[in-house]
Each structure stands twice: as structure tokens, then as C-alpha cells.
Amino acid sequence: MAASELLPPPLRSARDDRLTALAAELRALPPSCGPVRLVAVDGHAGSGKTTFAGRLAAALGGAPVVHLDDLATHEELFEWTGRLREQVLEPLAAGRDAEYRVYDWTLRRFAGTARVPAAPVVLVEGVGAGRRAVRPWLARVIWMELEAAAARRRGEQRDGPELAGFWAGWARAESAHFAVDPSRPYAATRVDG
């Protein structure tokens, strides 16, 4: 008998089972953006959106993920909706693959591109992904449930002290954004961040 035959099968966690169930639920939704089921993963900065979106994308068999940090800029933290619409939403709605310009936060300019296939499910993750201007294109809004202060502490720990000034400005901008354009009330799914 080979050594691999002696090992028990990998244990599935409850988290894996919930992700598998959510992936099946998302696949069963009607298309919302042409042939695509566009799903927003929204929440406060530092709430775990990127990590969760990566895990959900894997549960969906490698679904594409659009990171809104790639579309935002230092000067336009929340004014990315035009770029998202023109470079991602409109091509997907027409059944075509999309390609968008990626912002380089170190160089402080757009540098490079990212391709988004018109897959059955496409995830858009980032603060404001479920905002008013995007909701007509969405099949589902998922909200990462973590209080703003706790999310900020997590984000500051992740990014280190050299970005403390950025975080202070970001927190004000994020608070102002959600005050006038909240996403959480529109989330059909809430995930413990």
C-alpha cells in the first residue's frame, strides 16, 4: 500500500462548507451584468474583503476579482465609478472580457492593466463596491461585518506605522462616503469579518 493511501482525506472546515454553499448560491443567481453575475464584497477598510474575496473566488473555481484599490487613486479615493463603468461594467454587460488600468500606489500613477474575463461570476471587492452607482449592475452585495474602528486597527497593523497619515485621511473619507452612500443596508449576505 502506498503511503498516500494511509493518510485520511483532508478535513473540510465549517468555513469551507459555508463558502461552497455561498458559491453555489451565487452561481444560481440570475445574471446581472450581461451574462455575468457581478457580486460586490464591501465593508470597511481592514475588514477582510480581499482575503474573503480570494477564498470565495477559489470556491467559485477561480472567479475573477476586480480590486477597487486598482481603480482608486490618492486624489480620487471614491471617484472611481466612471473608470469601473467604462473599463469593466460596460464590456462585461456586452458579454466581452474587460481590461482596466491599474493604479500603482507607490508610483502614484496608473501603470499596467488587469484583464477580467466575462465569467459566470465576477467579484468586485473594495470599500464602496456596493454603492448606489454600482448596485444596478450587481447580483448580490456581500458585507464584511466588522466595526469601523476594529477594521481600522487591523488595517493599520497590516500596513505599518509609515502609513498612519494615510489611514487618518482615509478614515475621514470612508466615514463621509458611507454617511451618504451606505452599502450595508443593501447586503443580502453578511460575513463575520
Side-chain angles (χ1 to χ4, degrees), residues 26 29-50 52-54 56-57 63-144 148 151 155 159 163 165-189:
L26 297 175
L29 293 171
S32 60
C33 183
V36 172
R37 291 144 191 87
L38 192 67
V39 176
V41 179
D42 203 338
H44 297 288
S47 64
K49 295 175 303 303
T50 304
F52 178 78
L56 181 56
V65 180
V66 176
H67 301 282
L68 293 178
D69 284 351
D70 290 345
L71 293 165
T73 69
H74 284 88
E75 295 77 26
E76 298 175 314
L77 296 174
F78 289 99
E79 292 78 27
W80 42 257
T81 55
R83 285 187 288 278
L84 179 68
R85 185 185 67 253
E86 293 164 10
Q87 297 175 35
V88 178
L89 302 178
E90 290 173 355
L92 292 178
R96 298 188 319 267
D97 292 350
E99 186 172 275
Y100 63 92
R101 294 175 36 224
V102 175
Y103 186 73
D104 185 310
W105 287 85
T106 303
L107 298 175
R108 299 179 76 99
R109 63 179 172 82
F110 286 95
T113 60
R115 188 175 167 277
V116 184
V121 179
V122 173
L123 305 177
V124 177
E125 74 83 19
V127 177
R131 71 190 307 172
R132 184 180 306 111
V134 182
R135 281 195 296 271
W137 306 85
L138 296 174
R140 173 74 54 95
V141 175
I142 297 172
W143 178 263
M144 300 303 294
D159 294 343
L163 291 179
F166 176 81
W167 269 95
W170 171 263
R172 287 189 299 277
E174 180 185 84
S175 179
H177 165 72
F178 282 135
V180 298
D181 195 356
S183 302
R184 186 177 183 273
Y186 300 93
T189 304

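Note that the structure is a prediction, hence the values are computed from the model and not measured.
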Would you name the heavy atoms of Y103 and R108 that are closest together and state the gap between them?
OH-CA, 3.1 Å

When rounded to the nearest 0.5 Å, the distance separating CG of D42 from CZ of R184 is 11.5 Å

Set of side chain to side chain contact (heavy atoms under 4.5 Å, CB included) partners for Y186, sequence neighbours left out
R135

If we only count heavy atoms from C-beta on, is the V122 to V116 side-chain gap below 4.5 Å?
yes

Can the ring centroids of W143 and H44 be said to lie less than 6.0 angstrom from one another?
yes

Side chains of W80 and R131 in contact at under 4.5 Å (non-hydrogen atoms)
yes

So which heavy atom on A93 is nearest to which on P35, and how close?
O-CD, 4.4 Å

Compare all side-chain heavy atoms of L26 with those of L56 and state whether any distance is below 4.5 angstrom.
yes

Could you check whether any side-chain heavy atom of F110 comes within less than 4.5 Å of a side-chain heavy atom of R83, counting everything from C-beta outward?
yes

Quick one: does V66's side chain get under 4.5 Å of L38's, heavy atoms only?
no

How many angstroms lie between CG in L29 and CG in L138, if you round to the nearest 0.5 Å?
11.0 Å

Atom of L107, atom of D104 and distance for their closest heavy-atom approach
N-OD1, 2.8 Å

Do L68 and V127 make a side-chain contact, defined as non-hydrogen atoms from C-beta onward lying under 4.5 Å apart?
no

Correct closest heavy-atom pair for A53 and V41 would be CB-CG2, 4.4 Å

Would you compute the distance between atom CG of L71 and atom CD of E79 and round it to the nearest 0.5 angstrom?
12.5 Å

Could you please spell out the steps behind the side-chain contact (heavy atoms from CB on, under 4.5 Å) verdict for F52 and L123?
CA-CA 11 Å; F52 178 78; L123 305 177; over 6 Å; no

Counting C-beta onward and ignoring hydrogens, is there a side-chain heavy-atom pair between R85 and W137 closer than 4.5 Å?
yes

P30 and A139 have their tightest heavy-atom pair at O-CB, 4.1 Å

Report the C-alpha separation of R140 and T189 in whole Å, then their side-chain angles, then the decisive distance to 0.1 Å, and conclude whether the side chain to side chain donor-acceptor pair (under 3.5 Å) test is met.
CA-CA 8 Å; R140 173 74 54 95; T189 304; 2.8 Å; yes

Where S183 and F178 come nearest, the two heavy atoms and their spacing
OG-CE2, 3.9 Å

CZ-CG distance between R101 and D70, expressed to the nearest 0.5 angstrom
12.0 Å

Parallel, tilted or perpendicular for H177 and F78, by the 30°/60° rule?
parallel

Interatomic distance, E125 atom CD to H67 atom NE2 [nearest 0.5 angstrom]:
5.5 Å

